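Residue indices begin at 1 and follow the sequence shown. Heavy-atom basis, side chains included; hydrogens, waters and symmetry copies ignored. As the structure is a computational prediction, the values presented were derived from the model and not from experiment.
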Amino acid sequence: LGGSTQKMIAFAKTTALVATAVGTAAVGAGIGLFNMAKKATLAADEMLDFATLNNVSIESLQELGYAATKNGSDIKAVQTSISGLNRVMGDVANGVGRGAKYFTAFGLSVKDAEGKVKTTDVMLMDISKKMQNMSQQEAISMASKLGIDASLVPMLKLGSAELEKLKKKAVSLGIITTEQAH
């Protein structure tokens, strides 16, 4: 074979190897993207299930999660706190447990002006207003009595106005909505 034919064969082999490598990389990337999408869907489904069970919107859950991450905590602490606070609020609404004593001591009401039990995200804003002027120790004590993870205290001590700003920032960054989670 002539020199130019050998060069063409070498070029064809190199091109085939590059095409195979690109194809393999594309398949790998496709699998990676599929797995990421699958994990995101499962996470959104789990979050929706949690939100539904705890009577809080998925949007509010993610807004609080964002605020928590900006203040040294995370979404798991938000979920744990919502579950714990829900339990205490349920006790207060049912007139059982020590929760009523703590709600009274902290000047909180489990019910709104219409006599309906507040949602936990609304109650967290009320708690944030109360914690804003407390010492760290007082706020940690309050959190533990109300079933709230102590890692959320820095977020809650911001006060409701600052917390609202963080929640709006989460919205501007794009959060999963209930419709997207379905």
Side-chain angles (χ1 to χ4, degrees), residues 39-40 42-113 115-178 180-181:
K39 285 180 184 177
L42 290 174
D45 286 346
E46 287 173 8
M47 201 173 288
L48 180 61
D49 291 345
F50 177 87
T52 302
L53 176 67
N54 287 280
N55 191 31
V56 63
S57 73
I58 195 166
E59 294 89 352
S60 185
L61 185 59
Q62 287 202 320
E63 291 166 5
L64 289 166
Y66 174 80
T69 61
K70 291 297 181 188
N71 287 279
S73 192
D74 58 34
I75 188 70
K76 289 293 182 194
V78 171
Q79 289 175 315
T80 300
S81 297
I82 286 174
S83 293
L85 183 56
N86 255 336
R87 225 177 1 267
V88 174
M89 289 172 64
D91 285 351
V92 173
N94 289 322
V96 297
R98 291 185 266 176
K101 176 175 88 174
Y102 297 130
F103 268 74
T104 301
F106 297 127
L108 296 167
S109 175
V110 76
K111 295 187 178 182
D112 63 18
K116 295 179 183 174
V117 175
K118 296 176 184 175
T119 60
T120 49
D121 52 337
V122 169
M123 183 56 67
L124 282 170
M125 297 305 282
D126 291 351
I127 291 167
S128 182
K129 287 176 194 171
K130 297 288 182 178
M131 277 190 186
Q132 186 175 11
N133 297 315
M134 290 182 173
S135 70
Q136 189 74 4
Q137 295 85 349
E138 290 170 319
I140 289 170
S141 174
M142 179 183 193
S144 75
K145 304 274 189 282
L146 300 179
I148 298 170
D149 189 298
S151 71
L152 291 185
V153 168
M155 175 190 83
L156 293 170
K157 280 188 61 57
L158 292 174
S160 58
E162 285 300 312
L163 194 48
E164 280 298 333
K165 286 181 188 175
L166 282 171
K167 289 171 70 174
K168 286 179 182 173
K169 176 74 174 175
V171 171
S172 73
L173 293 173
I175 59 172
I176 296 175
T177 65
T178 304
Q180 291 169 328

Can you tell if the side chain of F50 reaches within under 4.5 Å of the side chain of E46, non-hydrogen atoms only? no

With a 4.5 Å limit on heavy-atom distance, are the side chains of Q132 and L158 in contact? no

Side-chain touch M155/L124, heavy atoms, less than 4.5 angstrom: no

Of all heavy-atom pairs linking V153 and A143, the shortest is CG2-CB, 3.8 Å

Pairs in or reaching into residues 72-93: which pass side-chain hydrogen bond (donor to acceptor under 3.5 Å, both in side chains), with residues at least two apart or in two chains? N54-N86, S73-S151

Can you confirm whether L146 sits close enough to I127 that some side-chain heavy atom of one is under 4.5 Å from a side-chain heavy atom of the other? yes

To the nearest 0.5 angstrom, please state how far the CE atom of M47 sits from the OG1 atom of T52. 12.0 Å

Run the side-chain contact (heavy atoms from CB on, under 4.5 Å) check on V56 and T119 step by step: do they pass? CA-CA 7 Å; V56 63; T119 60; 5.8 Å; no

Kindly say whether A100 contributes a backbone atom to a donor-acceptor pair with the side chain of T104 at under 3.5 angstrom? yes

Among residues at least two apart in sequence or on other chains, which ones pass side-chain hydrogen bond (donor to acceptor under 3.5 Å, both in side chains) with K118? D126

With the side chain counted from C-beta on, respond yes when M131 and F106 share a heavy-atom pair under 4.5 Å apart, and no when they do not. no

In Å and rounded to the nearest 0.5 Å, what is the CD1 to CG distance from I82 to D149? 11.5 Å

Would you say the side chain of F103 lies within less than 4.5 Å of the side chain of M89, judging by non-hydrogen atoms? yes

Using the rule given for side-chain contact (heavy atoms from CB on, under 4.5 Å), can you reason through K111 versus K116, listing the C-alpha separation, both sets of side-chain angles and the distance that settles it, and then say yes or no? CA-CA 5 Å; K111 295 187 178 182; K116 295 179 183 174; over 6 Å; no

I'd like to check Y102 versus V92 (side-chain heavy atoms, cut-off strictly below 4.5 Å). Are they in contact? no

Tell me whether N55 contacts the main-chain N or O of A51 through its side chain, where contact means a donor paired with an acceptor under 3.5 Å. no

Return the minimal non-hydrogen interatomic distance between S141 and S144, and the atom names on each side. O-OG, 3.0 Å

With side chains defined as the heavy atoms from C-beta onward, is the minimum distance between V78 and L61 less than 4.5 Å? yes

side-chain contact (heavy atoms from CB on, under 4.5 Å) against N94, all qualifying residues, sequence neighbours excluded: V96

In terms of heavy-atom contacts, P154 and A150 come closest through CD-O, 4.0 Å

Pairs where residues 127-137 contributes a residue and the test salt bridge (Lys or Arg N to Asp or Glu O under 4.0 Å) is met, not counting sequence neighbours: none

Hey, does the side chain of K157 reach the backbone of A139 with a donor-acceptor pair shorter than 3.5 angstrom? no

State which residues pass side-chain hydrogen bond (donor to acceptor under 3.5 Å, both in side chains) with E138; sequence neighbours excluded, sorted by chain then number. S135

Under 3.5 Å, side-chain donor or acceptor atoms of residues 163-171 against the rest of the protein: list the pairs with distances, not counting sequence neighbours.
residue: K165; atom: NZ; partner: E162; partner atom: OE2; Å: 3.1

What are the two closest non-hydrogen atoms of A93 and V117, and how far apart are they? CB-CG2, 3.7 Å

Donor-acceptor check, side chain of S60 to backbone of S57, threshold 3.5 angstrom: yes or no? no

